[in-house]
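Quick note on labels: first sequence line is chain A, next is B, and so on, each numbered from 1. Note that the structure is a prediction, hence the values are computed from the model and not measured.
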Amino acid sequence: MDERYDPKAIEPKWQALWESSGLYLTPADRSRPKFYLLEMFPYPSGEGLSVGHLHNYVPCDVVGRFRRMTGYNVLHPMGWDAFGLPAENDALLKKLHPKETVPRYAANFKRQLKLSGCAYDWTREINSSTPEYYKWTQWFFLLLYKRGLAYRAVGSQWWCDKCLSILANEQVIDGCCWRHTDTPVTKKELEQWYFRITAYADRLLEDLEGIDWPERIKLMQRNWIGRSEGAELAFPVSGHPGESVRFFTTRPDTVFGVSFMVLAPEHPLVARITTPGQRAEVDAYVAQARRQSEIERLSTVKEKTGVFTGAYAHNVFTDEDIPIWIADYVLMGYGTGAIMAAPGEDQRDFEFARKYGLPIPRVTAPADGSPTPEDRAFTEYGVTINSGFITGKPTRDAIAAIAQYAQEKAIGRPTVTYRMRDWLISRQRYWGCPIPIVYCKTDGIVPVPEAQLPVVLPDMTNYQPSGTGRSPLANVPEFVNTTCPRCGGPAERETDTMDGFACSSWYFLRFASPHETSAPFDRQAVDYWLPVDLYVGGAEHAVMHLLYARMWTKVMFDAGLINFKEPFPVLRNQGMIWAADGQKMSKSKGNVVTPDAMVEKYGADALRLWELFMGPFEEPTNWNEEGVVGTARFLTRVWNLVRRYVDAGCPQGKPAEQTLRKTHQTIRTVTDHIERLRFNTALAALMDELNYIARLEPAEIGRAAIESYVLMLAPMAPHVAEEFWRALGHDESVHRQKWPAFDPDLAKDEVVTVVVQINGKVRDRLEVAADTAEDQVRALAFDSAAVKRHLDGKTPKKVIYVPNKLLSIVV
RNA sequence: GCGAGAGUGGCGGAACGGCAGACGCGCCGGACUUAGGAUCCGGUGCCGCAAGGCGUGGGGGUUCAAGUCCCCCCUCUCGCACCA
């Protein structure tokens, strides 16, 4: 071994050897237990990886190496989420083509991951923008189509002026585009493709119960799905035979208190029922509501506004005619876009009624007999009053009674409504997976037959989005013009491409058999490897990717393609690493720290250790380069220790009992902490052991201790551990070794410190043999000078003994 | 507004209800050095010469014992936000 620890001299050497010897290839034998470890599909950006990204990849790499050493067949693959708007927008900005930038960026990511010593099976690398991959994305589209889960519909949808495309609901955040947080979305009316994710709403909700995910993420999914039980009812519109207002309510028990109705401004009924006298005012209001941004419209602080349509609905319960208003606090996209207003029991309706002088009947009273509040709605459950046949019933019973009555009289029925909408997947953009559909004048919508897949994305130089609502693909006649697979006549291809999230909804299956050409995946490979044993990624995907991937998995399960219902039974979110200034790392802010710079300065192993040591894996932290100095120093100290041992001729040694104990205690701690993803404390335990053994003579340490130390270091600092292992005289890689085992008996403390407390204050510490009997400890304690002084002759009232821990004396 | 999580030395962070501050950074002192952003040794929560006292956002409570459990409040982060 060299005298000095020089990472540059050892890291490239071992990386080359690992690669050439196929160290991290996925084992073909399936006799051993498997461990499928996966990080969320990265989009390879032009900025490359930062030390923030590594806070995900390095800990996962440790898990992979650890599992391999503990006897698992490990599948740890990597690939690129390369289709989609981010890649295309970047290429447009740089006046390049994504077909050129994507492979270049991916290659850079790969280089950086290798530089950081991350072990992936690169023979399984996939790229969602290649025909070999997207052929099967199209295949899944057809599967959804066949199962009635992909459909085309006209609707008013979110449009981003920067993306020049329609977005899904999930991609609108605070009224702005998820990729352009300063760009408010607007509405556009287009015919679009949807995936019927709402058909899976209940299963997506229920199956959350059985999976080990951060509670926060589960909650976000629950909220997003937004299941709400109630009833759908309808009131006829007076003077318009055949017209009625259908509405959803969670409080059907308040129907007797409905004094007006409100429609969303966009509601189709508005045009038909508005009276000539109100027409001008209504038109003006509708136009103004259209113009408003979503942020303005959704603002809860804004005072409610609305306009009377002049029309009346007939409240079939009270037999009264009630006015129909329009107001923008009613959303077209939820329920039926219409509500019954029960101002006595709903705060929003209450405010509206107050403002426009509408009656506020009270139909629910507090159950405990206290007076009904006058200055606000009474929104809690209570007891029904002034309500005909349900008067006197508790709210819960009244709800059931109305639901039943409505069903009998064919006025309505019990319903469940969801906040979640169907997933809109059409994108009017070039860089995406073409939708395998053909439009024929005779046969209408015709799916492309499987045998004709993939529908290849044509090579275009001029792929700028038009902004007209049509994809640039519409400008490629050779692509658009085709023949109908059914009748053979002339037909046109669908020119929109799929949302990038379609590609990432099944990629975890592809890794099981990435080169399969006759199917999206090999069934046997998937049966063995899936589901994913540990899935790691950022919390920002809580309600996009994770919801979509779960839905596709259930579709595949229903189709009999796979035998599991949840793709990711265990999910963890790595903590976000902010720049040293507390901001997000970005090129524009000039605060990005790259792994390249850190490896150059301190070496990959030191960088890795600092990624692990910075703080708890799942907590966010600010980057601090000073820390890398510390882990580099730690590695130097280990280097010096091992070198001293090797220079002394690697003595077998006869370690003292205490040294043996320290070793076994460290193995116990490190094993336990890596299993629980507590990498920071696992490393702390290794540092602690180093502090202990570094001061011993080589013969006092002994071979067993040195070797187990190197083995434990191997997943975290793979290069330097390999160097040590070879220096210790081994021919085979340290990464092919078995994880050290510990002996619980040897790890047990012989001598323990028992704390003596008097009235809760520590007054003395006793060193006694482990498991010393209570009376002996008592005797020792009462014999102690410090204890005597503090007892001051008083007699103990109570003495509590916690074996091997403390003796608490109360006086 | 509603929901979730978090507040511990100068800093990152440790602590099955049982010695608060492991481990590391930084800092202070020393050794070896032509030199030190190397290495090694020692120290480092605050007050105090010491004995000792005080300390985990604030206030109360349970307990022999509370960073940890319970109640109230403050601050920060995240999510949702007129969802009928």
Side-chain angles (χ1 to χ4, degrees), chain A residues 3-5 173-174 214-220 222-224 226-228 230 247-251 254 262 264 297-302 304 327-331 333-342 345-349 351-352 417-420 539-540 542-543 576 601 609-610 613-616 618-634 636-637 640 669 678 680-691 694-695 753-765 786 789-790 796-811:
Chain A
E3 196 174 320
R4 284 177 57 99
Y5 166 51
I173 301 183
D174 292 334
E215 213 36 58
R216 190 168 42 109
I217 302 292
K218 288 194 191 182
L219 193 68
M220 282 164 75
R222 282 192 198 105
N223 290 342
W224 184 262
R227 188 178 196 276
S228 179
F247 55 90
F248 173 75
T249 177
T250 54
R251 289 291 300 276
T254 61
V262 188
R297 173 130 180 216
L298 286 178
S299 165
T300 42
V301 293
K302 199 188 74 175
K304 290 179 182 32
D328 63 5
Y329 79 92
V330 174
L331 309 171
Y334 185 77
T336 63
I339 62 156
M340 62 172 215
E345 287 72 35
D346 184 286
Q347 188 58 26
R348 295 156 301 184
D349 299 342
E351 286 165 23
F352 194 80
T417 294
Y418 301 91
R419 206 184 83 108
M420 180 172 71
E540 67 274 14
V543 288
M576 178 91 181
K601 223 164 155 184
L609 292 188
W610 179 238
F613 194 62
M614 281 175 81
E618 299 184 70
E619 298 296 324
T621 328
N622 291 2
W623 176 255
N624 167 20
E625 193 180 319
E626 303 273 278
V628 195
V629 178
T631 52
R633 188 177 298 159
F634 162 72
T636 302
R637 295 185 63 212
N640 292 340
T669 306
R678 319 235 333 216
N680 56 330
T681 48
L683 182 52
L686 282 176
M687 290 175 166
D688 195 49
E689 185 183 350
L690 178 71
N691 289 341
R695 63 186 76 215
T753 307
V754 173
V755 169
V756 183
Q757 293 184 344
I758 296 171
N759 286 346
K761 297 204 179 209
V762 180
R763 295 304 183 190
D764 201 5
R765 295 178 169 82
R789 189 167 69 241
H790 283 99
K797 252 190 280 184
K798 195 172 171 186
V799 178
I800 294 129
Y801 181 60
V802 182
N804 299 328
K805 285 260 169 68
L806 98 174
L807 188 78
S808 183
I809 303 167
V810 190
V811 296

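- What you find for V811(A) and P796(A) is that their closest heavy atoms are CG1-CA, 3.8 Å.
- Among the nucleotides G24(B), G26(B), C64(B), the one closest to the side chain of E626(A) is G26(B).
- Comparing C71(B) with U77(B), their P atoms sit 25 Å apart, to the nearest whole Å.
- In a base pair of the Watson-Crick type (N1 to N3 plus N6-O4 or O6-N4) or a G-U wobble (N1-O2 and O6-N3), with each distance short of 3.5 Å, G26(B) is matched with U44(B).
- Between N691(A) and L219(A), the residue anchored nearer the 5' end of RNA chain B, judged by the nucleotide with its closest heavy atom, is L219(A).
- Comparing the same atom, C1', in G61(B) and in U68(B) gives a spacing of 15 Å after rounding to whole Å.
- Applying the side-chain contact (heavy atoms from CB on, under 4.5 Å) test between P616(A) and each of T621(A), N680(A), T681(A) identifies N680(A) as the sole match.
- The same atom, C1', is picked in G21(B) and in G55(B); the two are 11 Å apart, to the nearest Å.
- One finds a side-chain N or O of N680(A) lying less than 4.0 angstrom from the OP1 or OP2 phosphate oxygen of A14(B).
- Between R678(A) and A22(B) there is no side-chain N or O to OP1 or OP2 distance below 4.0 Å.
- Taking atom C1' in both G45(B) and A15(B), one finds a spacing of 16 Å when rounded to whole Å.
- Of the candidates G42(B), G52(B), A4(B), G52(B) carries the atom nearest the H790(A) side chain, counting heavy atoms from C-beta on.
- Set against A38(B), G18(B), A22(B), the side chain of T681(A) has A22(B) as its closest nucleotide.
- Taking atom P on both A20(B) and G53(B), the two are 12 Å apart, rounded to the nearest angstrom.
- Side-chain N or O atoms of R695(A) include one that pairs as donor or acceptor with a backbone N or O of N691(A) at under 3.5 Å.
- In this structure, D688(A) reaches the sugar-phosphate backbone alone: every heavy-atom distance under 4.0 Å involves primed, P, OP1 or OP2 atoms, never a base.
- For A38(B), one of the phosphate oxygens OP1 or OP2 lies less than 4.0 angstrom from a side-chain nitrogen or oxygen of R633(A).
- Nearest nucleotide to the side chain of V755(A), out of C19(B), G53(B), G24(B): C19(B).
- Counting non-hydrogen atoms under 4.0 angstrom, S228(A) reaches the backbone sugars and phosphates but no base.
- For the pair M220(A) CE and A81(B) P, the interatomic distance rounds to 10 Å; values are reported in whole Å.
- Atom pair I217(A):CD1 and A4(B):P shows a separation of 15 Å (rounding to whole Å applied).
- The nearest whole Å value for the distance from the CZ atom in R251(A) to the C1' atom in A84(B) is 11 Å.
- Taken to the nearest 0.5 Å, the CZ atom of R763(A) stands 14.5 Å off from the CG atom of L807(A).
- Taking atom P in both G42(B) and G24(B), the straight-line distance is 12 Å, to the nearest Å.
- Separating the CG atom of D328(A) from the P atom of A84(B) is a distance of 18 Å, rounded to the nearest angstrom.
- As rounded to whole Å, 17 Å separates atom P of C80(B) from atom OH of Y334(A).
- The side chain of T621(A) approaches G13(B) more closely than any other nucleotide in the set C25(B), C54(B), G13(B).
- Among the protein residues, G335(A) comes within range of no part of the nucleic acid, since none of its heavy atoms lies under 4.0 Å from any strand.
- Closest approach of D349(A) to A341(A), counting heavy atoms only: OD2-CA, 3.2 Å.
- Nucleotides C74(B) and C28(B) place their C1' atoms 37 Å apart, quoted to the nearest Å.
- Geometrically, K304(A) engages Y329(A) in a cation-pi contact defined by less than 6.0 Å to the ring centre and at most 45° from the axis.
- Residues G337(A) and V330(A) share a closest heavy-atom pair of O-CG1, 3.5 Å.
- The base of C64(B) does not come close enough to the side chain of K797(A) for any donor and acceptor atom to sit less than 3.5 Å apart.
- The nearest pair of heavy atoms linking L683(A) to L609(A) is CD2-O, 3.6 Å.
- Nearest to the side chain of R789(A), among G18(B), A84(B), G52(B), sits G52(B).
- With rounding to the nearest 0.5 angstrom, the CZ atom of R222(A) is 15.0 Å from the CZ atom of R419(A).
- We find that CZ of R419(A) is positioned 13 Å from C1' of C2(B), with the value rounded to whole Å.
- Contacts of T753(A) with the nucleic acid, taken as non-hydrogen atoms under 4.0 Å apart, include base atoms.
- Only the P atoms considered, C69(B) is 16 Å distant from A14(B), to the nearest whole Å.
- Look at G9(B): its glycosidic torsion is within 90° of 0, and that puts it in the syn range.
- For G5(B), the paired nucleotide is C76(B), the pair qualifying as Watson-Crick or G-U wobble because both relevant distances are below 3.5 Å.
- Distance CG (N759(A)) to P (U63(B)): 15 Å, rounded to an integer number of Å.
- If you check every strand for non-hydrogen atoms under 4.0 Å, N622(A) touches nothing.
- Searching all strands for a Watson-Crick or G-U wobble partner of A15(B) with both distances below 3.5 Å returns nothing.
- Comparing A84(B), G13(B), G52(B) against the side chain of R763(A) picks out G52(B) as the nearest.
- Of the side-chain N and O atoms in N624(A), none sit less than 4.0 angstrom from OP1 or OP2 of G26(B).
- Taking atom CH2 of W610(A) as the reference point, atom P of C11(B) lies 14 Å away to the nearest angstrom.
- Contact annotation for R222(A): no contact, since no heavy-atom pair falls under 4.0 Å across all strands.
- Within 4.0 Å of K218(A), counting heavy atoms only, lies no atom of the nucleic acid at all.
- The nucleotide A35(B) finds no pairing partner, because no Watson-Crick or G-U wobble arrangement with both distances shorter than 3.5 Å includes it.
- Comparing atom distances between the R637(A) side chain and each of C40(B), C16(B), C23(B) picks out C40(B) as nearest.
- Closest to the side chain of L806(A), from the set C25(B), A22(B), G18(B), is G18(B).
- Comparing atom distances between the R4(A) side chain and each of C19(B), A14(B), A38(B) picks out A38(B) as nearest.
- Both W224(A) and V810(A) lie close to RNA chain B; mapped to their nearest nucleotides by heavy-atom distance, the more 5′-ward contact belongs to V810(A).
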